[in-house]
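Reading through the structure tokens given below for one structure.
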Amino acid sequence: MKKLLLIVLGISLLCLVVYKVKPVKHTVTALVTEPKFINEDSLTIVSRVNVPVGYERIEYPDGSFEEYLRNYKLKPYGSKIINYDGTEYFWQYGHIGILEIPVPENGLQQCADALIRIRSEYLWENDRKEEIGFNFTSGHHCAWKQYAEGYRPKIDGNKVSFHKIALPDDSKANFYRYLNLVYTYAGTLSLYHELPRVENAKDLKLGDMLIKGGSPGHIVMICDEAVNSDGEKVYLLFQGNTPAQNIHLVKNLEEPSMSPWYTLEKDRVIPVSNYTFQSSKFVRFK
């Protein structure tokens, strides 16, 4: 009887040892084989993320929108996504960077609005203010130059007319008031109808956007890209969201071995963070 008990005890101990050892071996293998693309101590998009082996970043001219995006400043690694009202976003597992751009407390700067702001800030900083302008969902164009001259929209359903009722003001503070107006009456649907389409995914470049126009819809922007010797491209993406919150550089949760890099194809199902584009379409700012 004692001999039987000893045999049973021995088998139990052996099983316990095998159980304990197996996960450790699996963990070590995962750590060795998984590429590491993140530089946690870096504070720009281009320095935060390394390119995959065999790829190199596509070069763009200094001062271009493309270079502006990939050199955008980031908060320290591990920073949380904060909503417009100061609360933490409920899901913190889909990003690897937070952009250094304020979130207005009015709650208006949501997904499309965040990218409208990024584009507008670039044009402002590069003395191209006359190019700042966006369509409302009604189709009516609202230009910063017109707003700065004192024109304001009178909106009656889908009817919009502009009247000069304010004093001229080309200040940065008034520029942000203009953006709040655009955030209110523009969105993914207006951008989808207003902006040029990128029909061939092989033509995608830094600054282009993956979009689902609608109410609700969603939109994300390509903020970096790299290519290999076969011409295959990979991309980094950032997004705003609803509720209005920090713009953030997203992980690729579907392909962890490539994350945060994405491959993009037209009409494909593309999950991005906590949203899924069911049939991917792409647009580009003019």
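We're numbering straight along the sequence, starting at 1.
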Note to self: Test question: given the 4.5 Å side-chain rule for I, L, V, M, F, W and Y, name all other residues clustered with Phe90, or answer none.
What the structure shows: Ile81, Tyr89, Trp91, Tyr93, Ile98, Leu253
For [X], what residues pass the side-chain hydrogen bond (donor to acceptor under 3.5 Å, both in side chains) criterion, not counting sequence neighbours?
X      : answer
Lys75  : Glu100
Asn246 : none
Ser171 : Asp169

Notebook entry, point to check: Does one side chain, of Glu225 or Tyr262, offer a donor that lies under 3.5 Å from an acceptor on the other?
Noted result: no
Notebook entry, point to check: Side chains of Lys159 and Ser161: do they bring a donor and an acceptor to under 3.5 Å?
Noted result: no
Between [X] and [Y], does at least one N-O distance fall below 4.0 Å, as a salt bridge requires?
X      : Y      : result
Lys205 : Glu66  : yes
Asp127 : Lys129 : yes
Glu121 : Lys172 : yes
Glu149 : Lys164 : no

Notebook entry, point to check: Could you walk me through whether Arg177 and Asn174 pass the side-chain hydrogen bond (donor to acceptor under 3.5 Å, both in side chains) check?
Noted result: CA-CA 5 Å; Arg177 286 190 284 271; Asn174 201 39; 3.2 Å; yes
Check: Are the side chain of Asn228 and the backbone of Asp230 linked by a donor-acceptor contact shorter than 3.5 Å?
Finding: yes
Check: When you measure from the centre of the six-membered ring of Phe162, is the NZ or CZ of Arg152 under 6.0 Å away and within 45° of the axis?
Finding: no
Next item on the list: Is it possible for you to check whether Arg197 lies under 6.0 Å from the centre of the six-membered ring of Tyr192, through NZ or CZ, and within 45° of that ring's axis?
Entry: yes
Check: Got a sec, which residues hit salt bridge (Lys or Arg N to Asp or Glu O under 4.0 Å) with Asp113, two or more places apart in sequence or on another chain?
Finding: none
Check: So, Tyr72 versus Tyr68, ring centres under 6.0 angstrom or not?
Finding: yes
Margin query: Centroid separation under 6.0 Å, is that true for the rings of Phe277 and Tyr275?
Written below: yes
When clusters are formed by joining ILVMFWY residues with side-chain heavy atoms under 4.5 Å apart, either directly or through shared neighbours, do [X] and [Y] land in the same one?
X      : Y      : result
Leu123 : Leu69  : yes
Tyr185 : Val182 : yes
Tyr84  : Leu179 : no
Ile247 : Tyr176 : yes
Leu189 : Phe134 : no

For residues 233-242, tabulate all N or O donor-acceptor pairs below 3.5 Å that involve a side-chain atom, not counting sequence neighbours.
| unit_1 | atom_1 | unit_2 | atom_2 | d |
| --- | --- | --- | --- | --- |
| Lys233 | NZ | Leu204 | O | 3.0 |
| Gln239 | OE1 | His218 | NE2 | 2.7 |
| Gln239 | NE2 | His248 | NE2 | 3.0 |
| Thr242 | OG1 | Gln110 | OE1 | 3.1 |

Item checked: Spatial distance of atom CD1 (Ile45) from atom CG (Asp224) [nearest 0.5 Å] -> 7.5 Å
Next item on the list: Determine the sole option in Glu194, Arg119, Glu131 for which the side chain to side chain contact (heavy atoms under 4.5 Å, CB included) test with Phe285 is passed.
Entry: Arg119
